[in-house]
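Let me begin by presenting the structure, written as C-alpha cells, before commenting on it.
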Amino acid sequence: MKMYQQETIKPYDAGGGKAAQVEAMFDNIAPTYDTLNHRLSWDIDRGWRRKAIGQLAAYKPQTVLDIATGTGDFAILAAQMLKPQRLIGADISEGMMAVGREKVQQLGLQDVITFEKEDCLNLSYKEGTFDAVTAAFGIRNFADLDQGLREMCRVLKKGGHLSIVELTTPVSFPMKQLFHVYSHTVLPVYGRLISKDQSAYSYLTKTIEAFPQGERMMEILKKAGFSETSFQRLTFGICTMYFATK
C-alpha cells in the first residue's frame, strides 16, 4: 500500500487512530465550521464549490454521493444546481452532519438530501450505485487515500463521474510564499480563537501541504480505477478541481 504523508498526520497528540481523531476534531469544531470556512477564504470557497459542481451539470446525474460531506454545503449546492432525484451526504462526524440536517430542513430539501454516517474507506453501498460522486475539502483527511478513492470508484456506475475540489499549495511566486505565511499564522490563530480547538486548524494546514496534487493526483486517480482524469488550479493554486470518469 502506498503511504502518503498526509495519512500519518493526526489532529491531536493523544493516542488513537487517525479516523477516530478526525471524527472527534470535526465534532468539536462543527458549530463554527461554516463561519470559519467562509471567513478564512474571504467567501471564495463558495465559488470553488459552484465551479466544481458545474463540471457535472452536462451529465445530469440523478443519484449523487457527497463524500466527507461535513455540514452539507457542497451537497446542498449540488442539489440546487443539479436537481438530482437523490443525494446522500456521507461523513464520519455526526456533529457536522447534525448542522447539515438543520440547513437541509430549513431549505426544504429533506426529500432529496439525506445524511448517513459512513466509513469512507469502507462504504456500505453496492457497486455501481451512483451516477456521480463528489467531495469538497475532505479527502485529504482520509487515513488511506488510495483505499478511499477505490471505494469512490467502486460505488460509481460505469461511465459515472467524480468531481473533487480540494485545498492545495500554490506553486508559483509570490502566491506560494504569501499562502505559506497566511496558512501558518492567520489561519491557525484565527481558527483557534473562533473554534476553541487548539489543534484543528494547525492540523488542517499540515494536511494541505502534505496532500498530493496536480499531475501526481492524476496518477493516483488512475491507479484507483478512474479514467479521463483532469485538473484545474483555481485562485492562483490555492484550490484545485479534479474530474474523472469511471
Side-chain angles (χ1 to χ4, degrees), residues 2-13 18-19 21-26 28-30 32-49 51-52 67-71 73-74 91-93 96 120 134-146 148-149 163-195 197-221 231-242:
K2 175 68 174 176
M3 178 64 72
Y4 304 105
Q5 186 183 350
Q6 93 282 352
E7 294 171 0
T8 63
I9 299 171
K10 298 180 181 180
Y12 306 114
D13 293 330
K18 178 169 180 173
Q21 288 198 19
V22 168
E23 179 181 358
M25 179 193 72
F26 281 114
N28 288 342
I29 67 175
T32 58
Y33 182 79
D34 287 338
T35 298
L36 272 168
N37 259 10
H38 300 319
R39 287 184 183 177
L40 289 169
S41 72
W42 304 289
D43 271 344
I44 300 173
D45 64 301
R46 299 179 192 272
W48 294 337
R49 288 184 173 91
K51 196 170 182 67
I67 289 285
T69 194
T71 61
D73 271 4
F74 205 51
D91 205 287
I92 61 171
S93 169
M96 296 284 276
C120 294
T134 61
F137 315 119
I139 64 171
R140 70 180 187 278
N141 296 306
F142 284 178
D144 185 336
L145 179 60
D146 285 323
L149 291 173
S163 181
I164 293 173
V165 60
E166 188 55 83
L167 293 171
T168 48
T169 53
V171 296
S172 300
F173 177 86
M175 188 54 69
K176 179 178 180 179
Q177 288 72 21
L178 291 171
F179 182 76
H180 179 83
V181 172
Y182 177 76
S183 63
H184 284 266
T185 55
V186 177
L187 194 155
V189 171
Y190 188 64
R192 185 161 54 248
L193 287 172
I194 301 300
S195 71
D197 189 299
Q198 296 296 309
S199 302
Y201 284 84
S202 294
Y203 158 80
L204 293 174
T205 295
K206 293 175 183 176
T207 62
I208 295 169
E209 293 177 340
F211 190 74
Q213 60 186 52
E215 289 82 0
R216 187 177 176 213
M217 186 63 175
M218 296 296 91
E219 295 174 1
I220 296 168
L221 286 166
F231 74 95
Q232 179 182 352
R233 291 188 173 94
L234 306 176
T235 317
F236 307 104
I238 294 173
C239 176
T240 303
M241 286 193 318
Y242 301 95

Contacts of C120 meeting side-chain contact (heavy atoms from CB on, under 4.5 Å) (sequence neighbours excluded), chain-then-number -> I67, F142
Do E215 and F231 make a side-chain contact, defined as non-hydrogen atoms from C-beta onward lying under 4.5 Å apart? yes
Rounded to the nearest 0.5 Å, what's the gap from OH on Y203 to CD1 on I208? Could you check? 10.5 Å
Test of understanding: with side chain to side chain donor-acceptor pair (under 3.5 Å), list the residues that count as partners of Q6, not counting sequence neighbours. none
Working for side chain to side chain contact (heavy atoms under 4.5 Å, CB included), residues N141 and F26: CA-CA 11 Å; N141 296 306; F26 281 114; 3.6 Å; yes
Rounded to the nearest 0.5 angstrom, the CG-CZ distance for D45 and F137 is 6.0 Å
Might you work through the side chain to side chain contact (heavy atoms under 4.5 Å, CB included) test for T134 and T69, ending with a clear yes or no? CA-CA 9 Å; T134 61; T69 194; over 6 Å; no
From CG (L167) to CG (L204), nearest 0.5 Å: 8.5 Å
Check: T240 and F211 side chains under 4.5 Å, non-hydrogen atoms: no
So which atom in D146 and which in E7 form the shortest heavy-atom distance, rounded to 0.1 Å? N-OE2, 4.2 Å
State, with a plain yes or no, whether a side-chain heavy atom of C239 is found less than 4.5 Å away from one of I44. no
Please check if atom NZ in K10 has more than 12 non-hydrogen atoms from other residues, nucleotides or ligands closer than 6.0 Å. yes
Euclidean distance, S163 OG relative to R49 CZ, rounded to 0.5 Å: 12.5 Å
With sequence neighbours excluded, what pairs up with E209 under the salt bridge (Lys or Arg N to Asp or Glu O under 4.0 Å) test? none
Can you name the side-chain contact (heavy atoms from CB on, under 4.5 Å) partners of Q213, sequence neighbours left out? T168, T169, V171, R233, Y242
Tell me every residue that passes side chain to side chain donor-acceptor pair (under 3.5 Å) with Q21, counting only those two or more places apart in sequence or in another chain. none
Contacts of type side chain to side chain donor-acceptor pair (under 3.5 Å), residue T71, not counting sequence neighbours: D34, K103
Find the distance between OG (S202) and CD1 (I9) and round it off to the nearest 0.5 Å. 11.5 Å
Residue pair A68 / G138: nearest heavy atoms and the distance that separates them: CB-CA, 3.9 Å
Please check if the number of heavy atoms outside K51 that lie under 6.0 Å from its NZ is greater than 12. no
Q177: what forms a side-chain contact (heavy atoms from CB on, under 4.5 Å) with it, not counting sequence neighbours? F173
Salt bridge between R140 and E166, side-chain N to carboxylate O under 4.0 Å? yes
Here the salt bridge (charged side-chain N to carboxylate O under 4.0 Å, His left out) pairs for residues 170-181, sequence neighbours left out, are none
Take M96 and Y33 through the test side chain to side chain contact (heavy atoms under 4.5 Å, CB included) and record every step on the way to the result. CA-CA 8 Å; M96 296 284 276; Y33 182 79; 3.5 Å; yes
Please identify each residue that fulfils side chain to side chain donor-acceptor pair (under 3.5 Å) with D91, with sequence neighbours left out. none
All heavy atoms of M217 vs all of L149, minimum pair found to be CE-CD1, 4.1 Å
Run T207 and V22 through side chain to side chain contact (heavy atoms under 4.5 Å, CB included) and show every step you take. CA-CA 12 Å; T207 62; V22 168; over 6 Å; no
Report the residues that fulfil side-chain contact (heavy atoms from CB on, under 4.5 Å) with A19, sequence neighbours left out, ordered by chain and then residue number. none
So, taking the atom named CD1 in I220 and the one named CG in L145, what distance separates them when rounded to the nearest 0.5 Å? 5.5 Å
